[in-house]
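Here the structure is laid out as structure tokens; the discussion comes afterwards.
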Amino acid sequence: MSAPVLTIDGPSGSGKGTIARLLAKRLGWHLLDSGALYRITALAAQRRGIDLQDAAAIAKLAAHLDVRFVGEDETCVLLDGEDVSLLIRSEQAGEAASVIAAHRSVREALLEFQRDFAAAPGLVADGRDMGTVVFPDAPVKIYLDASAEVRGARRYKQLNEKGLDANLAQIIDDIRRRDERDMQRAVAPLKAADDAHVIDSSFLTVEQVLAECLALAGV
Ligand code: C5P
């Protein structure tokens with residue numbers, strides 16, 4: 001491995017995206033948002049009219065994706081040069097990502113691309129299988145969890161703040177369904193690596209989680 005890697009895995013809504021971004025900033029390290037890669041791959045497939053179940057066609061597409069993460073904190077995503085950062089954040093894009101992420105060949109096609117993000121001075125890698133599959137030798141692995149109810153309530157609040165209509169029960173249902181698919185799939189299922197530190201963020205603030213992660217990173 002060319003540079004130190006800190007992995008953060010966990011279900012959607014656990015706060016790992018926020019924590020990964022803050023950690024990368026604090027450490028001065030690069031950031032890999034692997035979920036964005038799956039979301040972009042799904043978007044690119046849909047734009048080309050490829051069926052989301054057509055694993056071979058999507059894997060081929062994934063192997064040649066023109067994706068770049070730009071901006072100061074590397075959170076602006078370009079697909080074929082177009083800024084799709086907002087477009088890939090919809091519930092529908094997350095759902096499509098979860099469908100194509102279940103294809104083994106698609107995951108394999110994205111593997112080396114993800115590993116190439118490990119560059120000096122270090123990498124914070126956010127996803128579902130960062131500690132188990134993509135960076136199994138990472139010296140620090142974190143698994144961030146929270147109950148489906150708490151994650152649903154966070155999502156509900158976010159949508160309300162954006163002035164969007166939302167139904168809490170429906171959101172919690174959707175979260176449970178996505179967890180189920182991510183945890184039950186045959187390839188790279190969502191689970192904590194044996195050597196991961198598990199943090200339940202249900203009743204912690206962002207600052208508390210960040211402090212715990214920094215302590216684990218030795219900062
Ligand atoms: O983290 P995010 O919600 O952006 O991920 C979207 C979907 O992509 C997840 O529900 C999951 O199915 C898939 N994913 C994955 N492996 C990763 C990151 C995301 O399977 N490392």
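Values below: all heavy atoms of this structure, side chains included; hydrogens, waters and symmetry mates excluded. Counting starts at 1 for both ligands and their atoms, in listed order.
- Using a 4.5 Å heavy-atom cutoff, the side chains of L123 and W29 are not in contact.
- Checked for salt-bridge contact, E112 and R115 meet the test: a charged N lies under 4.0 Å from a carboxylate O.
- Within the 4.0 Å heavy-atom criterion, the part of R185 lying near ligand 1 is the side chain and not the backbone.
- There is no side-chain donor-acceptor pair under 3.5 Å between R178 and S98.
- Looking only at heavy atoms of the protein, atom 16 (N) of ligand 1 is closest to R107 NH2, 3.0 Å.
- For the side-chain contact (heavy atoms from CB on, under 4.5 Å) criterion with L32, the lone passing option out of D126, L37, T7, V5 is L37.
- You'll find the side chain of E82 stays beyond 4.5 Å of the side chain of D80, heavy atoms only.
- Checking only distances, S34 does come within under 3.5 Å of ligand 1, N or O to N or O.
- The closest approach between M130 and ligand 1 falls below 4.0 Å for a heavy atom of the residue.
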Worksheet entry | Evaluation steps, salt bridge (charged side-chain N to carboxylate O under 4.0 Å, His left out), between D33 and R89 | CA-CA 12 Å; D33 174 0; R89 289 296 145 209; 3.0 Å; yes
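- Side-chain contact between R21 and E74: absent, with no pair of heavy atoms (C-beta onward) separated by less than 4.5 Å.
- No heavy atom of Q114 sits closer than 4.0 Å to any atom of ligand 1.
- Near K16, meaning under 4.0 Å from any of its heavy atoms, are these atoms of ligand 1: 1 (O).
- In this structure the side chain of D182 never reaches within 4.5 angstrom of the side chain of P11, judged on heavy atoms.
- Ion pairing between a basic and an acidic side chain is recognised when a charged N comes within 4.0 Å of a carboxylate O; R176 and E149 show such pairing.
- With respect to atom 17 (C) of ligand 1, the closest heavy atom belonging to the protein is R128 N, 3.4 Å.
- Given atom 8 (O) of ligand 1, the protein heavy atom at minimum distance is Y38 CB, 3.7 Å.
- Here the shortest heavy-atom distance to atom 10 (O) of ligand 1, taken over D182, D33, I100, belongs to D182.
- Among A42, A96, A101, G35, the residue whose heavy atom lies closest to atom 19 (C) of ligand 1 is G35.
- Polar contact check, R39 against ligand 1: a nitrogen or oxygen pair lies under 3.5 Å apart.
- Applying the 4.0 Å criterion to heavy atoms of A97 picks out, from ligand 1, the atoms 6 (C), 7 (C), 8 (O).
- Contacts of R181 with ligand 1, taken as heavy-atom pairs under 4.0 Å, are absent altogether.
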